[in-house]
Undergrad: 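Before we start, here is the structure in question, set down as structure tokens.
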Number of protein chains: 2
Amino acid sequence: MTRVLVIDDEPSILRALRINLTARNYEVSTASDGASGLAAVSRERPDVLILDLGLPDMDGTEVIHGVRGWSSTPIIVLSVWGQEEQKVAALDAGADDYVTKPFGMDELLARLRAAVRRSAPAPDEPVVATPDFTVDLAAKRVTRGGDGDIRLTPTEWQLLEVLVRNRGRLVTQRQLLQEVWGPAYGSESNYLRVYVAQLRRKLEPEPSRPRYLLTEPGMGYRFRA
Amino acid sequence: MTRVLVIDDEPSILRALRINLTARNYEVSTASDGASGLAAVSRERPDVLILDLGLPDMDGTEVIHGVRGWSSTPIIVLSVWGQEEQKVAALDAGADDYVTKPFGMDELLARLRAAVRRSAPAPDEPVVATPDFTVDLAAKRVTRGGDGDIRLTPTEWQLLEVLVRNRGRLVTQRQLLQEVWGPAYGSESNYLRVYVAQLRRKLEPEPSRPRYLLTEPGMGYRFRA
DNA sequence: CCTGGGCGTTAAGGATGTGTCAAGAACGTC
DNA sequence: GACGTTCTTGACACATCCTTAACGCCCAGG
């Protein structure tokens, strides 16, 4: 039986979720603020977390960081309409999905199922090949066509790894900074510029005209396979 | 079977809708004022709501807010001709669509079907496809049939994202402005005109005759999938 | 027929973001 | 402690994007 922990300060929502989820055979427990929510997470080890971003005692992203520090339990975030940056911050902090309030129970249930399904061990394809080079995520190695390996510094590798893991997808600058440099960073985009340039110099056949490490001005970077 | 709740104070309309909807295999219930309407919503949990804005006891937007506080059941609004600002207010409050009285039954039925279809749980993989282009919300990518990706600027993308997330639904100018440019904006409709034009130029097969990014004069825009 | 409002279109400036280079600081190794 | 590598930081030129204003069009109302 899947265990769900709901962290929300509105009693009506807690009640509605408890009723609906219990009816669907989930095991539901609740908390009404961030502090007791974090305590409940470490105590009960739920399979999924439903977290309202508008808690009275602490910011939603803080709660997410508090969980993500030691657990990868999927987190579905509830937020009111129009708070884009809050949602983005939550996703950057490690939330898995979000639902805007007011929400339909069907939608929430669908996202819940999806989150649980996804949290199953990821069938990783650890080798990504392009016409010009190959990235082996498991072995942490990059090889280029004719010649042998390419030496990457730790930071270069981490950056490349995040981009390759999200291949095809656009990765926000904030997301990159936080994954590579840590949660305290988010606006130091000059770091990215320097390291992306270094990666391009080492990997791209024509560094000034990138084919794989693409820039999306104002948004972030994207690895094209 | 789809359950419809009709809130209207005119007995003739109630009767007409009950007959027509029942014949189409909807399960119909009715209420004749706002208070009993709200009670009926929480009691019967209808799948769609048809709401007349000209109720005797309370303003239509109040009813909408009362519902939207905890549910995202689609709401179709009925209003008499010429009450533009009332309609806009209703849409801003969270209504999904509107029909002006007097209305043709066919139109109402079409909007009803559309509203119900939209309320189906959102797919895990948020990809919206049209005959001419494809929008991938997760990867932040737009691809056009034959040729490759289409480059969008951050603002263009945000605008498209809001419209696509509300696909089929009419989105108010105020709502768009606040979502994309921030809460301080609400009347700068010239921004919208500029950026909608840019999106049309990049996405529409015939930008001067839009097939997907539709204008609803005086109200807002709508993305048709 | 004229007028005004809303919409579409275009273009130019100013603001912001990006690529690049280089030098000093921090780190680990021998 | 000396050395080589890696990371950080600043400066600059250049590209891109946002904002703003102006104009033409269409339609409804006087």
Side-chain angles (χ1 to χ4, degrees), chain A residues 140 142 149-161 163 170-177 179-182 184-204 206-222, chain B residues 81-85 87-88 100 140 142 149-161 163 170-174 176-177 179-182 184-222:
Chain A
K140 292 201 191 307
V142 184
D149 297 7
I150 299 183
R151 287 189 43 81
L152 295 184
T153 72
T155 311
E156 287 167 3
W157 173 259
Q158 279 191 281
L159 182 59
L160 180 64
E161 185 174 352
L163 286 170
L170 184 144
V171 190
T172 319
Q173 306 190 9
R174 165 177 270 101
Q175 195 177 333
L176 286 169
L177 284 165
E179 294 225 19
V180 177
W181 277 269
Y185 296 76
S187 58
E188 293 78 356
S189 60
N190 46 327
Y191 291 16
L192 289 179
R193 294 205 296 276
V194 171
Y195 277 91
V196 169
Q198 287 176 355
L199 280 177
R200 293 211 251 244
R201 205 173 320 128
K202 292 186 177 180
L203 301 180
E204 292 277 1
E206 209 175 346
S208 57
R209 224 175 312 285
R211 295 182 51 194
Y212 306 104
L213 298 163
L214 307 181
T215 304
E216 302 274 353
M219 302 203 273
Y221 294 88
R222 183 198 304 273
Chain B
W81 216 88
Q83 311 222 349
E84 295 298 314
E85 61 187 65
K87 279 189 292 194
V88 175
T100 53
K140 287 205 197 310
V142 183
D149 299 6
I150 299 184
R151 287 185 39 84
L152 296 184
T153 72
T155 310
E156 286 167 5
W157 174 259
Q158 279 191 279
L159 181 59
L160 180 65
E161 186 172 348
L163 285 171
L170 170 51
V171 188
T172 336
Q173 301 188 356
R174 160 175 262 98
L176 286 169
L177 284 165
E179 268 287 302
V180 177
W181 277 270
Y185 295 76
S187 57
E188 294 77 356
S189 60
N190 47 326
Y191 290 18
L192 289 179
R193 291 203 295 279
V194 170
Y195 276 92
V196 169
Q198 286 177 354
L199 281 178
R200 293 212 251 244
R201 202 176 326 127
K202 292 186 176 181
L203 301 180
E204 293 276 0
E206 210 175 345
S208 56
R209 223 172 305 287
R211 294 182 52 194
Y212 306 104
L213 299 162
L214 308 181
T215 304
E216 302 272 351
M219 313 229 139
Y221 294 88
R222 182 198 302 268

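So you know, we letter chains A, B, ... as the sequences are listed, proteins then strands, and number each from 1. Basis for what follows: all heavy atoms, side chains included, without hydrogens, waters or symmetry-related copies.
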Undergrad: Just call it for B:E188: base, sugar-phosphate, or nothing, with non-hydrogen atoms closer than 4.0 Å on any strand.
TA: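 No contact.
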
Undergrad: Collect all protein-nucleotide pairs involving nucleotides 17-22 of chain D in which both atoms are nitrogen or oxygen and the distance is under 3.5 Å.
TA:
from: D:dC17; atom 1: OP1; to: B:R151; atom 2: NH2; distance (Å): 3.2
from: D:dC18; atom 1: OP1; to: B:T155; atom 2: N; distance (Å): 3.0
from: D:dC18; atom 1: OP1; to: B:T155; atom 2: OG1; distance (Å): 2.4
from: D:dC18; atom 1: OP2; to: B:T153; atom 2: OG1; distance (Å): 2.9
from: D:dC18; atom 1: OP2; to: B:Y195; atom 2: OH; distance (Å): 3.2
from: D:dC18; atom 1: O5'; to: B:Y195; atom 2: OH; distance (Å): 3.2
from: D:dT19; atom 1: OP2; to: B:W181; atom 2: NE1; distance (Å): 2.8
from: D:dT20; atom 1: OP2; to: B:Y191; atom 2: OH; distance (Å): 2.1

Undergrad: Can you check whether B:K87 reaches B:T100 side chain to side chain, under 4.5 Å on heavy atoms?
TA: yes

Undergrad: Let me test you: for the helix from C:dG14-D:dC17 to C:dC30-D:dG1, what is the angle between the axes at its two ends (five pairs each), rounded to 10 degrees?
TA: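 Here the local axes at opposite ends form an angle of 30°.
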
Undergrad: Only counting residues at least two apart or in another chain, list the ones meeting salt bridge (Lys or Arg N to Asp or Glu O under 4.0 Å) with A:E161.
TA: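 Only A:K140, A:R165 meet the salt bridge (Lys or Arg N to Asp or Glu O under 4.0 Å) criterion with A:E161.
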
Undergrad: Roughly, in whole Å, what's the span from CD in B:Q173 to C1' in C:dG5?
TA: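 In whole Å, C:dG5 C1' and B:Q173 CD are 12 Å from each other.
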
Undergrad: Starting at the 5' end of nucleotides 24-30 of chain D, put B wherever the base has a protein heavy atom under 4.0 Å, S where only the sugar-phosphate does, and a dash everywhere else.
TA: -------

Undergrad: Mind checking what makes side-chain contact (heavy atoms from CB on, under 4.5 Å) contact with B:P205, not counting sequence neighbours?
TA: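 Expected list: B:D132, B:R211, B:Y212.
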
Undergrad: Quick one: list whatever passes side chain to side chain donor-acceptor pair (under 3.5 Å) with A:Q175, sequence neighbours left out.
TA: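 A:Q175 satisfies side chain to side chain donor-acceptor pair (under 3.5 Å) with no other residue.
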
Undergrad: Atom CG of A:L214 to atom C1' of C:dG19: distance rounded to whole Å?
TA: 15 Å

Undergrad: In this structure, which one of A:T155, A:V180, A:L203 forms a side chain to side chain contact (heavy atoms under 4.5 Å, CB included) with A:L160?
TA: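 Result: among A:T155, A:V180, A:L203, A:L203 is the only option passing the side chain to side chain contact (heavy atoms under 4.5 Å, CB included) with A:L160.
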
Undergrad: To the nearest Å, give me how far apart CZ (A:R201) and P (C:dT18) are.
TA: 18 Å

Undergrad: About how many Å separate CG of A:L152 and NZ of A:K202, when rounded to the nearest 0.5 Å?
TA: 5.5 Å

Undergrad: NZ of A:K202 versus P of D:dT5: gap in Å, rounded?
TA: 11 Å

Undergrad: Round to the nearest Å and state the distance from A:E216 atom CD to D:dA15 atom P.
TA: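 For the pair A:E216 CD and D:dA15 P, the rounded distance is 19 Å.
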
Undergrad: Report the residues that fulfil salt bridge (Lys or Arg N to Asp or Glu O under 4.0 Å) with B:R209, sequence neighbours left out, ordered by chain and then residue number.
TA: B:E206

Undergrad: Could you tell me how far apart A:L213 (CG) and C:dG19 (C1') are, to the nearest whole angstrom?
TA: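 Checked: the CG to C1' distance equals 14 Å.
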
Undergrad: For the pair made of CG in B:L192 and C1' in C:dT9, what is the distance, rounded to whole Å?
TA: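 Answer to the nearest Å: 15 Å.
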
Undergrad: Quick one: side chain to side chain donor-acceptor pair (under 3.5 Å) partners of B:T215, sequence neighbours excluded?
TA: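 If we apply the side chain to side chain donor-acceptor pair (under 3.5 Å) test to B:T215, skipping adjacent residues, the hits are B:R200.
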
Undergrad: Under the rule for salt bridge (Lys or Arg N to Asp or Glu O under 4.0 Å), what residues qualify as partners of B:R222, not counting sequence neighbours?
TA: B:D97, B:E216

Undergrad: Please report the distance, rounded to the nearest Å, between CG in B:L203 and C1' in C:dG8.
TA: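 That distance rounds to 16 Å.
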
Undergrad: Check residues 186-198 of chain B and write down every donor-acceptor pair under 3.5 Å in which the side-chain atom is one partner and the other belongs to a residue at least two apart or another chain.
TA:
from: B:E188; atom 1: OE1; to: B:G186; atom 2: N; distance (Å): 3.1
from: B:S189; atom 1: OG; to: B:R193; atom 2: NH1; distance (Å): 3.4

Undergrad: Distance check, rounded to the nearest 0.5 Å: B:E156 atom CD versus B:I150 atom CD1?
TA: 10.5 Å

